[in-house]
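For reference, the structure is listed below as structure tokens.
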Amino acid sequence: MLFFPFTTDAQNCMKCSKYEKSNSGRNSCIPRNLNYLSYEDQLGATLSFISIILSIMCAVILGIFRKYRQTPIVRANNQYLSCLLLISLMLCFLSSLLFIGRPTQICCILQQVIFGIVFTISLSSLLAKTLTVIIAFNVTKPGSKLKKYIGTQLSIILIIVCSLGETVISAVWLASNPPFAEADTLSDPDYIFLFCNEGSGILFFCIIGYMGTLALLSFIAAFLAKDFPDRFNEAKNITFSMLVFCSVWVTFVPAYLSSKGSRMVAVEIFAILSSSAGLLGCIFIPKCYIIFLKPELNTKDPIVRK
């Protein structure tokens, strides 16, 4: 960028560095403004506040489930998987805080890896919950060989296998072309956009695609189990939550690719918060509603009759 005395046909011009711009008088260089999503910005402060509130909600619901762990509505839906899902959702909300603030090398690596792994644990927990319901309702059929799969062992194995798949993709990503902090000095003459470059865009969208595949499998399994007794399983809730999840991330891709600077980061944070909130609201809020407002339904007799 050039600056020069405020006269026409000047003989000598000096070039500002890529981190500077000329002042209004065109006679000196001044630093260019930095653009990134910070906690001081209204948007950054709002997103961080929402993230903390939602994580606190997860902790409160986790405490409720622990307190009422002996009630049918909690026990009928595999309380251990429910607690694991709540913890992973809490980490999902908190992981969005890594996206706020000035980008650094370590933050760029952690935000994508942690986000991918904790989201995979959430989705694999949903898949395990749905498969547990399907097995439980088919094990009573004559000649069924599914009885040996009853229990938490299958769920744990499924979650570990799905998480290992995500971990392998993340390891390949970090070993080949990891994310790094980058400064964009070309898009706008007045601003320097600080952001995390994904390094390998292909592997970044592989992680998104992997989570999308788990969400699709959970949706299919929940759809197959939706006609089972309503209070005994949460297949309908999982089906709707997967619709919300897929809708958010399908719209995320074009919005993310068309954004720059702090807006690009805000789009990803919004996708993380809204999809996680969809899972929390669709699956756990109905349970809390029954626990506190419809306690007569939280007994063994209505479930058995149903």
Side-chain angles (χ1 to χ4, degrees), residues 58 61-62 65-66 69 71-93 95 114-141 144-170 207-246 249 275-287 303:
C58 287
I61 295 175
L62 180 61
F65 270 56
R66 291 296 298 166
R69 61 184 179 274
T71 60
I73 197 67
V74 176
R75 297 184 63 184
N77 291 288
N78 198 322
Q79 57 180 315
Y80 300 108
L81 285 180
S82 296
C83 292
L84 178 60
L85 178 56
L86 282 168
I87 293 173
S88 61
L89 285 176
M90 187 191 311
L91 294 177
C92 286
F93 292 128
S95 69
I114 293 178
F115 150 70
I117 291 177
V118 296
F119 244 110
T120 299
I121 294 175
S122 299
L123 293 172
S124 56
S125 298
L126 285 177
L127 181 59
K129 286 169 72 72
T130 310
L131 292 179
T132 300
V133 171
I134 293 176
I135 292 173
F137 276 92
N138 284 279
V139 74
T140 56
K141 293 182 179 180
S144 176
K145 299 180 180 180
L146 297 176
K147 189 175 182 178
K148 58 182 178 181
Y149 297 112
I150 289 293
T152 59
Q153 185 176 4
L154 176 64
S155 301
I156 294 174
I157 293 175
L158 179 63
I159 293 172
I160 292 175
V161 170
C162 293
S163 301
L164 282 177
E166 177 70 25
T167 304
V168 168
I169 297 176
S170 299
I207 286 182
I208 302 297
Y210 185 82
M211 293 189 297
T213 301
L214 290 178
L216 181 61
L217 292 175
S218 299
F219 172 78
I220 294 173
F223 185 80
L224 294 175
K226 66 182 178 61
D227 293 327
F228 292 157
D230 191 26
R231 291 194 193 98
F232 194 77
N233 84 91
E234 50 194 358
K236 291 182 179 179
N237 296 339
I238 294 177
T239 302
F240 187 71
S241 68
M242 288 299 97
L243 286 175
V244 173
F245 181 90
C246 293
W249 287 101
S275 57
S276 301
L279 299 182
L280 180 67
C282 293
I283 295 173
F284 293 103
I285 297 302
K287 304 291 184 296
I303 293 179

When rounded to the nearest 0.5 angstrom, what distance separates [atom1] in [X] from [atom2] in [Y]?
{"X": "Ser124", "Y": "Leu214", "atom1": "OG", "atom2": "CG", "result": "6.5 Å"}
{"X": "Met242", "Y": "Leu123", "atom1": "CE", "atom2": "CG", "result": "5.5 Å"}
{"X": "Ile121", "Y": "Ile160", "atom1": "CD1", "atom2": "CD1", "result": "10.0 Å"}
{"X": "Leu81", "Y": "Ser155", "atom1": "CG", "atom2": "OG", "result": "4.5 Å"}
{"X": "Ile117", "Y": "Leu164", "atom1": "CD1", "atom2": "CG", "result": "10.0 Å"}

Describe, in one word, how the ring planes of Phe119 and Phe115 are oriented to each other, choosing from parallel (under 30°), tilted (30 to 60°) and perpendicular (over 60°).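 Phe119 vs Phe115 ring planes: perpendicular.
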Where [X] and [Y] come nearest, the two heavy atoms and their spacing:
{"X": "Leu89", "Y": "Ser276", "value": "CD2-O, 4.0 Å"}
{"X": "Ser241", "Y": "Ile283", "value": "OG-CD1, 4.0 Å"}
{"X": "Thr130", "Y": "Ala221", "value": "CG2-C, 3.3 Å"}
{"X": "Thr120", "Y": "Met211", "value": "OG1-CG, 4.0 Å"}

Heavy-atom side-chain proximity of [X] to [Y] below 4.5 angstrom:
{"X": "Ser275", "Y": "Val244", "value": "no"}
{"X": "Ser122", "Y": "Cys92", "value": "yes"}
{"X": "Tyr210", "Y": "Glu166", "value": "yes"}
{"X": "Cys246", "Y": "Leu216", "value": "no"}
{"X": "Val74", "Y": "Arg66", "value": "no"}
{"X": "Leu127", "Y": "Ile238", "value": "no"}
{"X": "Ser163", "Y": "Ile159", "value": "yes"}

Of Ile87, Leu280, Leu91, which meets side-chain contact (heavy atoms from CB on, under 4.5 Å) against Cys58?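 Testing each of Ile87, Leu280, Leu91 against Cys58, the sole residue satisfying side-chain contact (heavy atoms from CB on, under 4.5 Å) is Leu280.
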Modelled atom types, side-chain donor and acceptor of Lys129 and Ser82, under 3.5 Å: yes
Output yes when a side-chain donor or acceptor of Ser88 lies under 3.5 Å from a complementary backbone atom of Leu85, and no otherwise. yes
